[in-house]
Amino acid sequence: MNIRIQRITPNDVALFDNIAPEVYDEPVQPDRLEAYLAQPTNRLLLAIEETPDGDLVVGQCAAVLHLHPDKVTELYIDELGTASTHRRRGIGRRLTREMIAWGKELGCGEGWLGTELDNVPARALYETLWDEGEKIVMYDFDIE
């Protein structure tokens with residue numbers, strides 16, 4: 001299995017034509033992808049398996065550079081997804097490490113991410129990278 005991690009730019013939208021199941025929560029919408037990639041603070045990585053039929057996206061990691069007027073720039077890792085067929089192969093770890101390296105190159109001094117307390121697979125991954133996370137309260141709301 002040959003998998004490469006690629007930093008995505010607006011020139012890479014053709015890669016989204018072949019995405020394995022469960023990499024994203026919902027189907028990728030071309031207009032939303034274009035808008036996401038147009039934002040200078042957004043970052044996106046893809047894990048791509050090279051197959052005889054062409055490139056297959058098997059993982060993704062999205063992050064935002066969070067700029068502050070009074071603190072160092074933070075890297076907020078917003079999404080991490082791996083195809084169900086490719087889990088427990090180190091892809092999520094590779095994506096996370098590459099995103100952190102990219103953030104460091106861009107001058108981020110800190111980073112953070114969050115997951116649900118009952119998301120055992122995600123917490124197991126993150127705890128291989130860092131000590132146990134802090135307990136926080138997050139409020140999720142719709143804006144209409």
Side-chain angles (χ1 to χ4, degrees), residues 1-68 71-130 133-144:
M1 174 175 69
N2 186 19
I3 294 181
R4 73 179 187 275
I5 305 298
Q6 185 167 328
R7 295 177 180 185
I8 301 304
T9 71
N11 297 328
D12 298 316
V13 295
L15 291 170
F16 292 82
D17 292 342
N18 195 15
I19 303 173
E22 299 181 56
V23 170
Y24 283 94
D25 296 329
E26 304 288 337
V28 173
Q29 303 297 314
D31 57 330
R32 290 180 181 175
L33 175 62
E34 182 181 336
Y36 183 89
L37 294 174
Q39 294 300 313
T41 55
N42 290 349
R43 295 293 178 267
L44 183 59
L45 297 172
L46 294 181
I48 301 165
E49 181 176 18
E50 298 169 2
T51 73
D53 297 326
D55 290 342
L56 175 66
V57 175
V58 296
Q60 59 89 15
C61 184
V64 177
L65 304 177
H66 191 184
L67 307 172
H68 298 277
K71 297 182 268 192
V72 298
T73 300
E74 296 174 321
L75 178 71
Y76 166 55
I77 298 178
D78 183 46
E79 294 282 338
L80 179 65
T82 305
S84 57
T85 55
H86 288 70
R87 292 187 182 141
R88 303 205 48 84
R89 297 183 187 184
I91 295 169
R93 183 176 294 108
R94 286 180 61 197
L95 285 163
T96 303
R97 286 183 172 152
E98 177 62 22
M99 189 60 79
I100 291 167
W102 198 2
K104 184 175 181 179
E105 288 173 26
L106 296 167
C108 294
E110 296 178 357
W112 68 283
L113 56 80
T115 193
E116 297 80 11
L117 290 174
D118 63 351
N119 189 341
V120 176
R123 291 180 62 202
L125 166 62
Y126 301 144
E127 289 172 11
T128 67
L129 298 168
W130 307 287
E134 294 181 37
K135 306 293 187 260
I136 65 168
V137 175
M138 182 184 96
Y139 296 91
D140 188 12
F141 54 92
D142 290 327
I143 299 175
E144 296 194 34

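When reading the values below, keep in mind they use all heavy atoms of this one structure, side chains included, and skip hydrogens, waters and symmetry mates. Just so you know, residue 1 is the first one in the sequence shown, and it goes up from there. Remember, it's a predicted structure, so these values are computed and weren't measured experimentally.
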Practice task
Using the side-chain contact (heavy atoms from CB on, under 4.5 Å) rule, take Leu67 and Thr41 through it: C-alpha gap first, then chi angles, then the decisive distance, then the call.
Solution key: CA-CA 9 Å; Leu67 307 172; Thr41 55; 4.2 Å; yes
Exercise for the section: Please determine if Glu105 and Arg7 form a salt bridge, counting it only when a charged side-chain N lies under 4.0 Å from a carboxylate O. Expected result: yes
Fill in the blank from the handout: One should read off an interatomic distance between Ile48 CD1 and Arg4 CZ, to the nearest 0.5 angstrom, of 4.0 Å
Exercise for the section: Quick one: pull up CG in Leu44 and CE in Met99 and give me the separation to the nearest 0.5 Å. Expected result: 6.5 Å
Exercise for the section: Can you establish whether the number of heavy atoms outside Arg32 located under 6.0 Å from its atom CZ is more than 12? Expected result: no
Practice task
List the atom of Leu75, the atom of Ala63, and the distance in Å for their closest heavy-atom pair.
Solution key: CD1-CB, 3.7 Å
Practice task
Without swapping roles, check the side chain of Tyr24 against the backbone of Gly59 for a donor-acceptor pair under 3.5 Å.
Solution key: no
Problem - Which atom of Ala62 lies closest to which atom of Tyr36, heavy atoms considered - result: CB-OH, 3.4 Å
Exercise for the section: Kindly compute the distance separating CD1 (Ile8) from CG (Asn42), expressed to the nearest 0.5 Å. Expected result: 13.5 Å
Handout entry: Min side-chain heavy-atom separation Glu79-Asp25 under 4.5 Å
Key = yes
Problem - Minimal non-hydrogen separation, Ala83 against Val23, with atom names - result: N-CG2, 3.7 Å
Problem - Distance (rounded to the nearest 0.5 Å) between Phe16 CZ and Glu34 CD - result: 12.5 Å
Problem - Spacing of Lys71 atom NZ and His66 atom NE2 [to the nearest 0.5 Å] - result: 7.5 Å
Problem - Basic-acidic side-chain contact under 4.0 Å: Arg87, Glu22 - result: yes
Handout entry: Thr85 vs Val58 side-chain heavy atoms within contact, under 4.5 Å
Key = no
Handout entry: Under 3.5 Å: donor-acceptor pair, side chain of Arg94, backbone of Ile3
Key = yes
Problem - Atom CD of Gln29 with >12 non-hydrogen neighbours under 6.0 angstrom - result: yes
Problem - Least distance between heavy atoms, Cys61 atom then Ile77 atom - result: SG-CG2, 3.8 Å
Problem - Side-chain touch Val13/Pro30, heavy atoms, less than 4.5 angstrom - result: no
Handout entry: Gap between atom CD of Gln60 and atom CD of Gln6 - 0.5 Å precision
Key = 14.0 Å
Problem - Ala47 to Ile91 - nearest heavy-atom pair and separation - result: CB-CG2, 3.5 Å
Problem - Expected output: side-chain Asn18 to main-chain Asp55 donor-acceptor under 3.5 Å - result: yes
